[in-house]
There are 2 protein chains.
Amino acid sequence: MQAYNFHTESGEPMSEPRRSFTREDPDSRRAALIRATLELIAEFGPQAATVRAIAAEAGLTQGMIRHYFSTKEELVNAAYEAHMQAQTEASEASAGGAGTARARLAHFVAGSVTPPVADPRAVSLWAGFIHMIRRDPAMHATHRESYLRYRDLLQGLLSDALAESGRPVPEAEARRLAIACNAVIDGLWLEGGALPEAFGSSELEGIARDSVGAILGLSLLRDEASQ
Amino acid sequence: MQAYNFHTESGEPMSEPRRSFTREDPDSRRAALIRATLELIAEFGPQAATVRAIAAEAGLTQGMIRHYFSTKEELVNAAYEAHMQAQTEASEASAGGAGTARARLAHFVAGSVTPPVADPRAVSLWAGFIHMIRRDPAMHATHRESYLRYRDLLQGLLSDALAESGRPVPEAEARRLAIACNAVIDGLWLEGGALPEAFGSSELEGIARDSVGAILGLSLLRDEASQ
DNA sequence: CCGGTAATTATGCAAGCGTATAATTTCCAC
DNA sequence: GTGGAAATTATACGCTTGCATAATTACCGG
């Protein structure tokens with residue numbers, strides 16, 4: 001390291017100009033720090049997300065972390081919140097297409113077990129936050145809210161799809177089905193992320209479609225999923 | 001801390017006897033260190049598993065880690081291997097009962113989504129190892145082997161259960177079904193561990209039974225699972 | 001164009017980290 | 001009993017960590 005510590009040939013330290021900088025708006029600085037934090041946690045784990053590493057990854061100096069966040073923990077919390085919000089928005093966009101409820105469900109399921117949602121980085125990132133989620137009440141609440149929102153989305157989709165095919169289900173049953181379908185999706189997401197080389201490229205997508213279909217008693221067709 | 005640093009009333013350090021000890025056999029010492037390592041990673045994450053914390057949790061001094069393992073990393077690897085081996089043995093014991101294949105399958109599935117297999121500690125422990133699994137080839141190999149062994153066990157059980165009910169399936173199809181059932185189980189394991197308060201006490205067990213049943217086209221009865 | 005203010009960089013600090021080594025204690029062979 | 005080897009404790013070292021503060025630079029309003 002020490003990319004900015006120049007020395008003379010004799011080894012003596014040489015006075016060296018400070019790195020130049022430009023002032024940027026606070027939001028983009030915060031975003032850069034959050035992005036760097038998520039990148040490091042996903043790729044190398046929470047241990048690697050030190051203030052110095054985060055600053056380097058963001059192309060800044062470590063003082064910026066304390067300038068924009070009162071503590072490193074606060075930055076990590078902000079990063080978690082930003083990540084969960086992005087995920088939720090992506091899910092809702094993925095569920096919001098046109099077509100029959102069955103087609104929207106198929107599309108939603110397929111999107112949840114293929115990149116970029118399902119990939120080793122995403123699983124690693126999730127795992128990196130688990131311990132903090134268990135201990136920090138605020139992070140636990142964010143996690144809970146995000147999970148339930150995703151599951152409710154799924155429950156709405158499958159309720160509509162079942163009603164559409166003439167087999168409406170009461171809400172309690174829809175809840176159970178949503179938990180089950182969510183489990184299939186999460187399980188495939190997990191396995192694809194933790195052991196990607198063990199599966200063919202679109203194998204998990206097909207298995208997800210068939211399994212959710214079997215649980216619901218619907219057939220989710222391939223071409224419906226990919227539209 | 002400093003439980004063994006006595007001082008006089010005036011605050012001066014007082015020469016103090018070393019803590020007494022007994023010599024124990026190397027295996028039990030190694031086991032104690034491994035147990036302490038797993039406990040800390042599960043409960044507080046890898047960051048909390050420092051040599052000092054591990055030694056304290058094991059009731060030893062930190063020199064023992066270097067005495068029984070050449071490095072802390074080696075201890076962590078040994079702990080991971082020991083954990084995975086224990087899990088594999090538990091799975092195989094759970095699958096090895098008597099009765100029809102369908103009953104054994106039901107029992108196996110139920111055991112995988114209820115404590116002690118499914119609980120927040122287990123999920124945390126798994127999450128704590130993920131990043132090392134991704135980067136350390138030896139740990140990756142252990143993970144892969146353990147996962148495939150579990151899945152093969154499940155595949156054997158469901159193959160037998162299907163054959164038993166007059167609907168044998170080719171191996172390629174059995175593999176797909178095993179991946180799917182494994183996903184349901186893992187997903188419920190994950191959700192139950194990450195958000196335990198969101199589910200009723202035996203709710204996940206029932207959902208697992210019904211979902212695996214739906215995927216396989218078998219009905220797995222409650223009393224079959226609990227025998 | 002220039003002075004002031006806030007953003008940014010650079011440096012310092014105490015605490016904790018993993019590892020190395022010295023000092024002490026246990027316990028078995030004889 | 002009593003050495004003596006090995007297990008165990010205690011301490012020290014260099015490095016990294018998160019956080020604090022001092023020094024510098026960019027940019028805006030006049």
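All values below were derived from every heavy atom in this structure, side-chain atoms included, with hydrogens, water molecules and symmetry-related copies excluded. Chain letters run A, B, ... following the sequence lines, proteins first, then strands; residues in each count from 1. Note that the coordinates shown come from a computational prediction; the quantities given were computed from them, not determined experimentally.
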For the side chain of Arg18(B), counting heavy atoms from C-beta on, which of dT9(D), dT19(C), dG12(C) is nearest? dT9(D)
Return the minimal non-hydrogen interatomic distance between Phe108(A) and Ser91(A), and the atom names on each side. CE1-O, 3.6 Å
Output a table of nitrogen or oxygen pairs between the protein and nucleotides 26-30 of chain C separated by less than 3.5 Å.
{"unit_1": "dT26(C)", "atom_1": "O2", "unit_2": "Arg23(B)", "atom_2": "NE", "d": "3.0"}
{"unit_1": "dT26(C)", "atom_1": "O2", "unit_2": "Arg23(B)", "atom_2": "NH1", "d": "3.1"}
{"unit_1": "dT26(C)", "atom_1": "O2", "unit_2": "Arg23(B)", "atom_2": "NH2", "d": "2.5"}

Side chains of Glu197(B) and His140(A), donor plus acceptor under 3.5 Å: yes
Side-chain donor-acceptor contact under 3.5 Å, Glu81(B) with Gln85(B): no
What donor-acceptor contacts under 3.5 angstrom involve side-chain atoms of residues 179-194 of chain B, with partners at least two apart or in another chain?
{"unit_1": "Trp189(B)", "atom_1": "NE1", "unit_2": "Val117(B)", "atom_2": "O", "d": "3.0"}
{"unit_1": "Glu191(B)", "atom_1": "OE1", "unit_2": "Tyr147(A)", "atom_2": "OH", "d": "3.1"}

Only counting residues at least two apart or in another chain, list the ones meeting side-chain hydrogen bond (donor to acceptor under 3.5 Å, both in side chains) with Asp27(A). none
Sub-4.0 Å heavy-atom contacts from residues 26-55 of chain A onto DNA chain C, ordered by number: Arg29(A), Arg52(A)
Run the numbers on Gln155(A) and Leu177(A) for side-chain contact (heavy atoms from CB on, under 4.5 Å), then give the verdict. CA-CA 7 Å; Gln155(A) 180 172 334; Leu177(A) 291 173; over 6 Å; no
Using distance alone, with no hydrogens and no angle criterion, decide if Tyr150(B) and Ser112(B) have a side-chain donor and acceptor under 3.5 Å apart. yes
Under 4.0 Å between any heavy atoms, over every strand shown, what does Glu24(B) touch: base, sugar-phosphate, or nothing? Just pick one. sugar-phosphate
Measure the CZ-CG distance between Arg176(A) and Leu204(B) for me, rounded to the nearest 0.5 Å. 10.0 Å
Closest approach of Tyr68(A) and Glu24(A), non-hydrogen atoms and distance? OH-O, 4.1 Å
List, one per line, each side-chain donor-acceptor pair under 3.5 Å for residues 40-52 of chain A, sequence neighbours excluded.
{"unit_1": "Glu43(A)", "atom_1": "OE1", "unit_2": "Arg121(A)", "atom_2": "NE", "d": "3.2"}
{"unit_1": "Glu43(A)", "atom_1": "OE2", "unit_2": "Arg134(B)", "atom_2": "NH2", "d": "3.2"}
{"unit_1": "Thr50(A)", "atom_1": "OG1", "unit_2": "Ala53(A)", "atom_2": "N", "d": "3.1"}

Rounded to whole angstrom units, what separation is found between the CD atom of Gln62(A) and the P atom of dT11(C)? 12 Å
Heavy-atom contacts under 4.0 Å between residues 63-79 of chain B and DNA chain D, which residues? Gly63(B), Met64(B), His67(B), Tyr68(B)
